[in-house]
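Written below as structure tokens is the structure these notes are about.
For this chain, numbers begin at 1 and follow the sequence in order. Just so it is clear, the model here is predicted, and its values are computed rather than measured.
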Amino acid sequence: MTLIERWRQEIHIFHLPIGEATIMPQDVEALYGLSVDGHPVALPYAMREYTGDQYLEMLQRLNDFLPADEGALVGASRLQLTPVRLHLETIHADITDDTPDLHINRYTRLLLLLMFGGVLFPNTSGNLGSLRFLHHLERLDDLHDYTWGAAVLGYLYRQMCRASMGTQRNFAGFLPLVQVKI
């Protein structure tokens, strides 16, 4: 029996033969160092109506990067991660001790975008990342002030609930939480 079949969406608990288990916010913080206290990870109201072109303009402004293939943008706010990864591979060798902070910040933002889309908040395609996180990447010095642990756990719970209801066949999320905790 799969873990999804043992997930009780009403109370966010796994019902196992040995008892019940759940993933707590404190687990996320202790195991992975992702804060559960601070500013909420939320999309500013003004960005809720952004078009794909507006997200791409923000991507270019913050990172000096635009994917060559126009098809890399899926919907208004999802970007294929492969062009980002390939771009990072080409500029990686250019990062040295003498690299200006501006270029290091751009590299860091793209790397974080990959991490958000591929590790912390992945979707079932495995190759799409949300450009909605660009807002949080604008000021790198403020990243530690956000409740990333709570956001990661909430996203994982949402994905598991959808899968347990049968509205999607697979689920995604920060699966190391499930593997370590359960």
In terms of hydrophobic clustering (I, L, V, M, F, W, Y; side-chain heavy atoms under 4.5 Å; direct or indirect links), are [X] and [Y] co-clustered?
{"X": "Leu175", "Y": "Leu128", "answer": "no"}
{"X": "Val74", "Y": "Met47", "answer": "no"}
{"X": "Leu113", "Y": "Leu86", "answer": "no"}
{"X": "Val36", "Y": "Phe174", "answer": "no"}
{"X": "Tyr146", "Y": "Leu31", "answer": "yes"}

Rounded distance (nearest 0.5 Å) linking atom [atom1] of [X] with atom [atom2] of [Y]:
{"X": "Gln54", "Y": "Glu49", "atom1": "CD", "atom2": "CD", "result": "9.5 Å"}
{"X": "Leu134", "Y": "Leu79", "atom1": "CG", "atom2": "CG", "result": "8.5 Å"}
{"X": "Leu112", "Y": "Leu110", "atom1": "CG", "atom2": "CG", "result": "9.0 Å"}
{"X": "Phe121", "Y": "Met115", "atom1": "CZ", "atom2": "CE", "result": "8.5 Å"}
{"X": "His103", "Y": "Ile95", "atom1": "NE2", "atom2": "CD1", "result": "8.5 Å"}
{"X": "Glu29", "Y": "Leu153", "atom1": "CD", "atom2": "CG", "result": "12.0 Å"}

Query - ring pair (Phe, Tyr, Trp, His ring centres under 6.0 Å): pairs with one or both residues in residues 77-100, sequence neighbours excluded - result: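 As it turns out, the ring pair (Phe, Tyr, Trp, His ring centres under 6.0 Å) pairs with a partner in residues 77-100, which skip direct neighbours, are Phe65-His87, His92-Tyr107.
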Do the side chain of [X] and the main chain of [Y] share a donor and acceptor less than 3.5 angstrom apart?
{"X": "Ser35", "Y": "Thr147", "answer": "no"}
{"X": "Arg109", "Y": "Asn63", "answer": "no"}
{"X": "Asn127", "Y": "Thr82", "answer": "yes"}
{"X": "Gln60", "Y": "Glu57", "answer": "no"}
{"X": "Tyr32", "Y": "Gly149", "answer": "no"}

Can you give me the closest heavy-atom contact between [X] and [Y], atom names plus distance?
{"X": "Leu143", "Y": "His136", "result": "CD2-O, 3.3 Å"}
{"X": "Gly173", "Y": "Leu156", "result": "CA-CD1, 4.0 Å"}
{"X": "Asp27", "Y": "Thr22", "result": "OD2-O, 4.0 Å"}
{"X": "Pro67", "Y": "Leu59", "result": "CD-CD2, 4.1 Å"}
{"X": "Leu140", "Y": "Asn105", "result": "CD1-OD1, 3.7 Å"}
{"X": "Arg132", "Y": "Ser77", "result": "NE-OG, 3.5 Å"}

Query raised in the report: When the ring planes of Phe116 and Phe133 are compared, do they come out parallel, tilted or perpendicular, using 30° and 60° as the limits?
Result: tilted
Query raised in the report: Considering only heavy atoms from C-beta outward, does the side chain of Thr99 approach that of Thr96 to under 4.5 Å?
Result: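 In contact.
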Query raised in the report: Applying salt bridge (charged side-chain N to carboxylate O under 4.0 Å, His left out), which residue pairs with at least one partner in residues 64-83 are found, sequence neighbours left out?
Result: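 As it turns out, the salt bridge (charged side-chain N to carboxylate O under 4.0 Å, His left out) pairs with a partner in residues 64-83, which skip direct neighbours, are Asp64-Arg106.
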Query raised in the report: Is there a side-chain contact (heavy atoms from CB on, under 4.5 Å) between Leu131 and Met58 once you walk through the steps?
Result: CA-CA 9 Å; Leu131 292 176; Met58 189 176 198; over 6 Å; no
Query raised in the report: By salt bridge (charged side-chain N to carboxylate O under 4.0 Å, His left out), which residues pair with Arg139, not counting sequence neighbours?
Result: Asp142
Requested in this report: Would you please test Val41 and Val152 for side-chain contact (heavy atoms from CB on, under 4.5 Å) and show each step?
Outcome: CA-CA 10 Å; Val41 176; Val152 165; over 6 Å; no
